[in-house]
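Order of the sequence lines sets the chain letters (A, B, ...), proteins ahead of strands, with each chain counted from 1. Everything numeric in this text was worked out from a predicted model, so none of it was measured. Every heavy atom of this structure was used, including side-chain atoms; hydrogens, water molecules and symmetry mates were not.
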Amino acid sequence: MEPILKVQNLSMDFGGLRALNDLDLDVISGEIVALIGPNGAGKTTFFNCITGIYPPTEGDILITPPGKKTKRINGIKPNKVTERGLARTFQNIRLFPNMTVLENVMIGHHCRMRAGILGAILKDRSTIKEEERVVENSYQILEKIGLSDFVNEFAKNLPYGAQRRLEIARAMATDPFLLLLDEPAAGMNPHETEDLDKLIKQIRDKEGISILLIEHDMKLVMSLSDRIFVVDYGKKIAQGTPAEIKNNKAVIKAYLGEDIDA
Amino acid sequence: MDYFLELFLGGLTRGSIYALIALGYTMVYGIIELINFAHGEIYMIGAFTALIVISVLTMMGMNTLAILVIAGVIAVIYSSAYGYTVEKIAYKPLRNAPRLSALISAIGMSLFLQNYVLLAQTSDFLPFPNLIPDFEFMEPYAHIIGSTDIVIVITTAIVMIILTFLIKFTRIGKAMRATSQDKTMAMLTGVDVDRVISVTFIVGSATAAIGGVLIASHVGMINFYVGFIAGIKAFVAAVLGGIGSIPGAVLGSFVLGWTESFATGYISSDYEDVFAFLILVFILIFRPAGILGRSERHRV
Amino acid sequence: MFLTFPIMVIRVNPIEKIIEWRWNNLILVGAGSFLISMVWRYMIERKDYGTRKAEAGEKSDQPPLIQRVMKDKRIYTPFLIIVALFACIFPFVFSMYQTNILITALIYVMLGLGLNIVVGLAGLLDLGYVAFYAVGAYTYALLNYHFGLTFWMVLPIGAGMGTLFGILLGFPVLRLRGDYLAIVTLGFGEIIRLILENWNEFSFGPSGIAQISRPSFLGMDMSVHGAIIYMYYIMIALCLFTIFFVNRLQDSRIGRAWIALREDETACQAMGIDKAKTKLTAFALGATWAGMGGVLFAAKTTFVNPASFTIWESIIILCIVVLGGMGSIVGVIVGALILILLPEYLRAFSEYRMLAFGILLVITMVFRPGGIVSDVRRIYQFKGTAETKS
Ligand SMILES: Nc1ncnc2c1ncn2[C@@H]1O[C@H](COP(=O)(O)OP(=O)(O)OP(=O)(O)O)[C@@H](O)[C@H]1O
Ligand SMILES: [Mg+2]
């Protein structure tokens, strides 16, 4: 099966620092794939390269949206990446704090809407319809995510766990075929993490959105993932099913440090 | 050729003054990433303080050299105190607020200080006595360069050397560098960030005050508005060199000084201030990081 | 705070070639700064307390008074009607002088609302707003002088020129980081003014252009008196138009994108919003309003010269937006009326006007970043939809 995201030989330099080194990764439609690695391994940098925030130094990023041709998306702007159907969340929550929860999700719809200045002023039929559709749709997304009680609350007033979920809702609103989640469980309590586990599975099963996630919570990773990629110092050190990764020497070494092995 | 030399040296003098002011911008920006709009006003206050002290002391009939030194020292102390206070009042409470808020607060402070001096003093240009003596050995070159210019250039050089020393080798200098790299990390490793910021403002204000005294003796008059224009130009110089970088600020200042000097000398003096802004626009469009600045990516 | 005492005190010894000691100022300043420092500390403490409370997760118990009033239709509607009536009869009840002042204030309302798009909604600090204002004013002045074009013909042209300049300037500079934008726009404002001042053949230099015609009603000749009243109604109409326009915009797809941009640029881009395009629309629209304001200004004063377009003008408009409440239409209107009318009626203190503006900017930012009428925009009308669904 054709992978929907295929990354080949990706490298990224920051001045002298090689944050990503010749990395390969692929996601097949319908999969939940995890990207793990110790702190500072380059996971977030990987997301930033794929989503156009940093132009990678080397390598290819190819996407194949369902029913469309394969495209190389190196170096295109972040908003174009999102338009093509990749949406992401941020490790350090980046909501729009002074907008309501609903508005945050409506922003996600932006690139799927057409109304221009003229439409906004004249409020013609199609604009009104579009707004209504977006409000409706946003509300539905919030219901699925379990935030429908907070629609008119400011994003900044939400509890931490809810903010993380709102990031997911907002990303879903861009109508992606692949969702990139950067440590979605960070800062959540075990109960919230369990809910998140269900939610992510639901997004894949019900919405048909494939998922690539970065996560440090191994329990969650093992429970969710179809496949796991492990990076350390920007290099891929292992890839495989959860069972394979659990017993991989290189992975254990990277996580526990050199000394123990020696 | 003489004309060229004259313009060149004029540019050097201008550049030196800009450098003294630009340092404050660059240091503050390097540490808290804020354009300190009130910096130009600090410089203006330095010049005013010096003027007041000079007038008082002259009335008392003191020796000119002594007056110059005393006035300089008092101006530096006052400006530093102002710089310190401005930071405490207008910026510190906004350290965690959006950038825009701090910027607006800075503009407010600048507006306030200008009008404060305007009201407490006068809106007229005040003559500023030139206390720097004419050196005899300079006599043969007097038509191209005055002794005031020499003093300015030399003082600037000395200040630069002291500053470089301060930042490279002292404890507080190290703390400053650490803070500008990463505030949170610096805090975690035990750096008193508040103190570092205060010191930065004080040092920046002190150099600005020196610049204020020097340029006032050079031009021979001051009013409440001089700080604003000079401040903006010095800011241009800082950006030109690469904001946050101290050698950059100096280099940028000289480039700006020469550009202005030659442009007004050969093209037209009506548009003197336009050149600075045009340079700014071009540099920001084509090389936003400045001449010596590293292009830094915003971390996500 | 105490450190600055001596400075404040000794600072007020002015010289005007002779030295004048003003010891009485010393006492005044000493006592004043002591008081102020006390109040300041108290306020800061209160603010810290407030943030701590917010961090602890407690929400402020009640929405602010103004917001409650705004929400309550029973108070809101009659209030609007009274304001409308008052606005209608104003020129017949009050003197021409008063009407003239109000016209000025209304021009500022318009400018404020225009700048509010740029600063308040999109979060772009534009310190060269006055440049576009000047462009509008000179467009009318020059077209009227050379070709005798009338007010109504030039109004759209002036607005268009504003847009054009906004796009021309915006294109290169909007890629810059926010704080550079402030300086570049400031520089641009000064460049335009310097050009107007020095390019005599084009703009008649510092002496400016006089005898610009007032707006005329269906080609009728009007007395000055009539023209002022006419101008007043034009202003009211245009302000209403502006309010309508901005109001519709800010609840639209574009308006939301502006606000999102202000809140977090990176996240905004990651949501598929074209940063450059969105910024440019905000900037150009703001400039359009400045251009329109300029035409109105020229028509009102019948005289333009570069001195009307200094950086301070930009800062006054910025004050209006900031003090009134960034992003809030009502706030900007209130801000403009207060900041323009108050100094007019307190002529005695006019010297202190800019000083006060400076203090106001700092204080607003430190203690009430939302301005007088904050949060109003954020009452979202989708509430109904959402509730009926749940
Ligand atoms: N904008 C940048 N400029 C310079 N270096 C950077 C930048 N962004 C990341 N780095 C460096 O790249 C390396 C990888 O960082 P990255 O944030 O990708 O790690 P990570 O795997 O996401 O870590 P964590 O698990 O802590 O989130 C780190 O050494 C980091 O310091
Ligand atoms: Mg990370």
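Note on C:Ile254, C:Leu285, C:Asn247: by heavy-atom pairs under 4.5 Å with chain A, the leading option is C:Ile254.
Listed by first and then second residue, the ring-ring contact (aromatic ring centres under 6.0 Å, His included) pairs involving residues 259-294 of chain C are C:Phe132-C:Phe283, C:Phe245-C:Trp289 (not counting sequence neighbours).
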field: Verdict with reasoning, A:Arg170 to C:Met271, per side-chain contact (heavy atoms from CB on, under 4.5 Å)
entry: CA-CA 8 Å; A:Arg170 190 179 64 172; C:Met271 287 303 112; 3.4 Å; yes
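In this structure, the separation between CZ on A:Arg112 and CZ on C:Arg253 is 11.0 Å, given to the nearest 0.5 Å.
For A:Leu95, the part lying under 4.5 angstrom from a heavy atom of chain C is the backbone only. Of the atoms belonging to A:Thr174, it is side-chain heavy atoms, and not backbone ones, that fall under 4.5 Å from chain C.
Under the 4.5 Å side-chain criterion, counting only non-hydrogen atoms from C-beta, C:Arg256 is in contact with A:Met106.
Looking at every heavy atom in both residues, A:Cys111 comes nearest to C:Gly272 through CB-O, 3.5 Å.
Here the side chain of C:Glu263 pairs a donor or acceptor atom with the backbone of A:Asn98 at under 3.5 angstrom. Checked by atom type and distance alone, the side chain of A:Arg94 never pairs as donor or acceptor with a backbone atom of C:Asp264 at under 3.5 Å.
Heavy atoms of other residues, nucleotides or ligands lying less than 6.0 angstrom from OH of A:Tyr160 number more than 12.
Contacts from residues 76-83 of chain A to chain C, taken as heavy-atom pairs separated by less than 4.5 Å, involve A:Lys77, A:Pro78, A:Asn79, A:Thr82, A:Glu83 in sequence order.
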